[in-house]
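To start, the structure itself, in structure tokens.
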Amino acid sequence: MTLAVTHGKVNFKGPLVSRRGDLNCILKTVIQEDAPQQSQASNDTSINVVLFGGLAKDFSHSVNQGDIVVLSGFTVSPSPTVRKDKLHPCILHLDGSEAHIHVCAAPAPAPAPAVGSSGVSATTKYTYVPLNELTHGSLVNVYAVVTFFKLPFPTKGTDYCSTLKLTDQSGAKVGCTIFCEKQESHPKIFKIGDVIRLHRVKAQIYGGSMTLITFWGWSAVTFDGTVGSPVVPRTPTKKFHFGEEDSGMVMALRDWAASDSPVPTEPTVHLSAVVPRQYFNLTCQLLAKATMDSACTLLKVWDGTRCSYPLLTVPVEPGALEGGSPAVSDRQGLIANVLVYDNHVDTAQALQPGTFLCIYNLHAVPQSVPGEASGGQEALSFHLHGGTSFGRGLRALPPGGPDIVELKRALQSCAEQMEDDMNSSLDDLAWFTPSEISMRNCEHTLQQVSLAEVKSSAPPQFFHVRAQVKSFQPQRLYQSLKLFCSQCKTIEEVPDHKTLRTRFQEAVMDNRPCRPAWAVSLIADTEDPSRKFTLHVSSAKCPADRDSKLIFVQECLTSTACCSAPMTTGADFQEMCHLSSDQEYMVPVRSSRGKLLLLDHTVPFLFRGKRQFYGCRQCSKRKLVKPTVEGMEVWNEKSVSEALGVQLMQYVSLMKLELEDGSDTLEVLLWDNSENFFHVCADDLAHCQEAQDRMKQVMDMFQPADSSTSQRPWLDLCLSLYSVDEDGQSQVQCQIVNTQTRDIL
DNA sequence: GGTTAGGCTTGG
């Protein structure tokens with residue numbers, strides 16, 4: 001565990017123990033929580049701290065008992081001496097480039113010294129030893145290129161072990177053994193040529209050759225070895241120091257490895273280039289998996305290229321396949337059946353369809369096709385044999401790496417090609433690219449986490465997850481459409497047509513003819529001879545858009561009708577829809593005491609063609625004023641509403657999705673990011689069938705009819721966890737952000 | 001205050 005920072009008073013300062021040079025220094029100290037208000041100092045407030053290397057030396061020279069120190073970048077582990085010294089049950093280790101100690105002078109009653117002026121800052125400086133200068137028994141820091149690696153495998157002891165072979169500009173080659181209890185804390189090496197930085201590892205001779213082995217307090221960071229790719233440290237710790245000198249080291253090693261080094265270059269072997277009996281590494285996407293027996297799991301994978309040899313078909317029990325039914329595509333040489341054996345089965349089982357992965361030391365095995373005469377054509381099957389020799393194994397690759405970017409491109413163009421070739425339906429494509437259905441478009445370089453991790457995290461934070469849609473609300477998608485006032489943040493339902501008809505009738509009661517001075521008023525006939533409209537055409541014209549008119553529509557009954565029915569009505573909702581065209585903006589109005597009024601804001605205040613616009617009840621002016629067009633560039637719903645003193649409400653789409661990923665379920669909103677996500681303008685959703693259809697198609701894709709969980713596609717999502725105040729209470733909410741569905745519809 | 005492993009294939 002890494003904590004950010006703590007501070008305390010130095011209670012005890014042990015001697016500097018030095019064996020061979022600075023890197024071997026150790027110093028033990030005890031610090032006590034610096035809390036004067038605490039009357040009874042309990043033993044829990046004192047903690048053992050062990051410093052290593054240059055930091056121990058600096059501490060020894062510049063710190064005295066009683067000093068206040070601020071510690072950061074330390075690791076915490078159980079204290080082995082807790083029974084003996086009855087101090088805090090944990091011990092802090094300060095080692096590595098992220099470890100810092102800021103030393104203040106002993107607390108003085110006088111004004112506190114300004115931080116930085118009287119404070120002594122002690123920071124570790126790392127020196128890196130070339131691999132040809134290692135001496136037996138020394139503790140060293142090294143930078144090197146990986147020329148061989150085995151993924152972490154369990155030992156007979158307590159740890160996982162990974163075995164590496166390293167080299168650097170000195171030309172020396174040294175083996176390296178990493179022991180670490182947690183698999184995920186091992187250095188993240190994805191391919192030969194990756195660069196590794198190791199701190200505090202021990203050099204020792206074994207079998208006549210120099211080797212490196214992890215030592216207490218060791219740490220490792222790795223980098224992609226591709227020349228020119230961004231220098232991004234891969235580390236299990238979130239908080240991490242990384243300076244310019246590190247970039248320099250990485251780039252120098254990359255350049256050297258790319259030019260005149262003995263580092264074997266292993267270009268990615270695509271399925272199309274595989275030959276029988278070859279061992280190779282395959283970077284691919286998992287499409288489906290099936291358990292064959294307790295020692296064998298079948299993985300169906302593809303890398304977007306077509307194998308030039310016939311591929312062996314592996315029969316699978318019906319229902320045993322998780323992740324889709326790729327029967328058609330098997331015949332096209334696109335999908336490799338990989339049989340994963342023994343110690344690799346657990347890893348394979350844990351992979352989700354859609355995952356990008358690398359299979360190391362995969363064996364292309366030619367087999368005669370059952371049922372065909374001997375001498376007949378052979379077909380290739382792929383075996384990941386048991387054991388770890390030659391680095392055999394498989395691992396999921398994080399999204400965003402250069403290899404994955406290339407792979408995704410290949411998969412996409414392959415899917416497009418297939419669409420052309422076979423006229424395949426959307427269903428086929430949706431199946432082929434299960435994780436390509438959504439794409440993040442954020443700049444974050446976050447590691448993917450599980451939903452359980454998101455759920456247990458504190459806002460505000462962003463996360464990247466892979467998840468399936470378990471359920472969503474509302475089921476009737478048009479109900480997701482809402483009206484939103486950006487000023488007062490009110491959200492309202494969009495009324496249906498029946499409600500609107502009633503509201504129109506109610507809103508225009510007690511309507512009297514009137515002729516405002518700022519408009520030209522005309523009487524227009526309707527199909528019903530007893531009904532006429534008064535159209536008040538505003539003389540105000542938009543200077544830049546002279547053809548568009550703003551028309552106020554007021555319905556009046558004819559004089560005959562007036563006699564029999566003294567009450568008149570305003571514009572009817574259906575007639576408004578009928579009257580409005582794409583050219584004019586129409587505003588339904590009524591009059592009272594000789595003045596024109598807008599209807600109340602429970603109905604649209606503005607019509608244009610099929611589009612209707614609402615005003616916010618709270619934020620709009622109640623009186624209809626003479627429209628002002630000063631400074632107006634163009635008539636649109638925004639400028640018209642401004643001219644009328646109406647606060648325009650936006651159409652927005654609000655959905656609630658329940659996500660699942662095997663670790664947990666999580667309810668998320670699709671709201672701010674909705675238009676980006678569906679590639680649909682919320683405004684269009686209100687009146688355009690095409691837009692509604694598109695949204696439905698996307699949701700159907702997430703949850704195909706009668707689909708089981710395993711058939712649903714996986715989505716790459718960027719989530720924002722944040723808190724909102726509701727009724728004075730803080731609530732945590734989660735939204736899908738920066739994510740769009742691929743345009744495959 | 002340090003066991004484990006210490007690359008080196010092949011079957012199913």
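To find a chain, count down the sequence lines: A is the first, B the second, and so on, and within it residues start at 1.
Between B:dG1, B:dA5, B:dT10, one nucleotide has an atom nearer to the side chain of A:Val50 than all others, and that is B:dG1. Of the candidate nucleotides B:dG6, B:dT9, B:dT4, B:dT9 has the atom lying nearest to any side-chain atom of A:Tyr279. With B:dT9, B:dG12, B:dA5 as the choices, the nucleotide that has an atom nearest any side-chain atom of A:Phe390 turns out to be B:dT9. You'll find that the side chain of A:Thr155 is closest to B:dA5, out of B:dG6, B:dA5, B:dG7. Comparing B:dG7, B:dG1, B:dA5 by their closest approach to the side chain of A:Phe153 singles out B:dA5. Nearest nucleotide to the A:Asp159 side chain, out of B:dT10, B:dT4, B:dG1: B:dT4.
A:Thr155 places a side-chain N or O within 3.5 Å of a backbone atom of A:Asp159 that can act as its donor or acceptor partner. A donor-acceptor pair under 3.5 Å links the side-chain atoms of A:Tyr360 to the main chain of A:Phe190, judged by distance alone.
Rounded to an integer number of Å, the gap from A:Leu164 CG to B:dG6 P is 12 Å. Summarising the geometry, the separation between CG on A:Leu312 and C1' on B:dG12 is reported as 13 Å, rounded to the nearest angstrom. At whole-Å resolution of the value, CZ in A:Phe149 and P in B:dT9 are 17 Å apart. At whole-Å resolution of the value, CD1 in A:Ile178 and P in B:dG6 are 13 Å apart. Taking atom NE2 of residue A:His363 and atom C1' of nucleotide B:dT10, one finds them 6 Å apart after rounding to whole Å. To the nearest angstrom, P of B:dT9 lies 18 Å from CZ of A:Phe280. Rounded to an integer number of Å, the gap from OH of A:Tyr341 to C1' of B:dT10 is 12 Å. Going from atom CZ of A:Arg200 over to atom P of B:dG1 covers 14 Å, rounded to whole Å.
Here the separation of B:dG6 from B:dT10, taken at their P atoms, is 15 Å to the nearest Å.
No donor-acceptor contact under 3.5 Å links the side chain of A:His383 to the base of B:dG11.
Comparing A:Arg277 and A:Lys150 by the nucleotide of DNA chain B whose heavy atom lies nearest to each, the residue mapping closer to the 5' end is A:Lys150.
The two residues A:Lys289 and A:Ala348 have their closest heavy-atom pair at CD-O, 4.0 Å.
A:Arg392 comes within 4.0 angstrom of a nucleotide base, judged by non-hydrogen atoms across all strands. Residue contacts shown for A:Thr158 include a base, since a base heavy atom lies under 4.0 Å away. Using a 4.0 Å heavy-atom cutoff across all strands shown, A:Gly386 reaches at least one base atom of the nucleic acid. Within 4.0 Å of A:Gln204, counting heavy atoms only, lies at least one base atom of the nucleic acid. No contact: A:Thr211 has no heavy atom under 4.0 Å from any strand. Base engagement by A:Ile213 is indicated by at least one non-hydrogen atom pair under 4.0 Å involving a base atom. Base contact: A:Asp342 has a heavy atom under 4.0 Å from a base atom.
Residues A:Tyr341 and A:His383 place their aromatic rings such that the two centres sit under 6.0 Å apart. Aromatic ring centres of A:Phe223 and A:Phe242 lie closer together than 6.0 Å.
Both thresholds, 5.5 Å between centres and 30° between ring planes, are not jointly met by A:Phe179 relative to the base of B:dT3, so the two rings are not stacked. Stacking here means ring centres nearer than 5.5 Å and ring planes tilted less than 30 degrees, and by that measure A:Tyr206 stacks onto B:dG6.
Contact check, A:Lys165 against B:dC8: no side-chain N or O comes under 4.0 Å of OP1 or OP2.
Between A:Lys191 and A:Asp403, at least one side-chain nitrogen of the basic residue sits less than 4.0 Å from a carboxylate oxygen of the acidic one, meeting the salt-bridge criterion.
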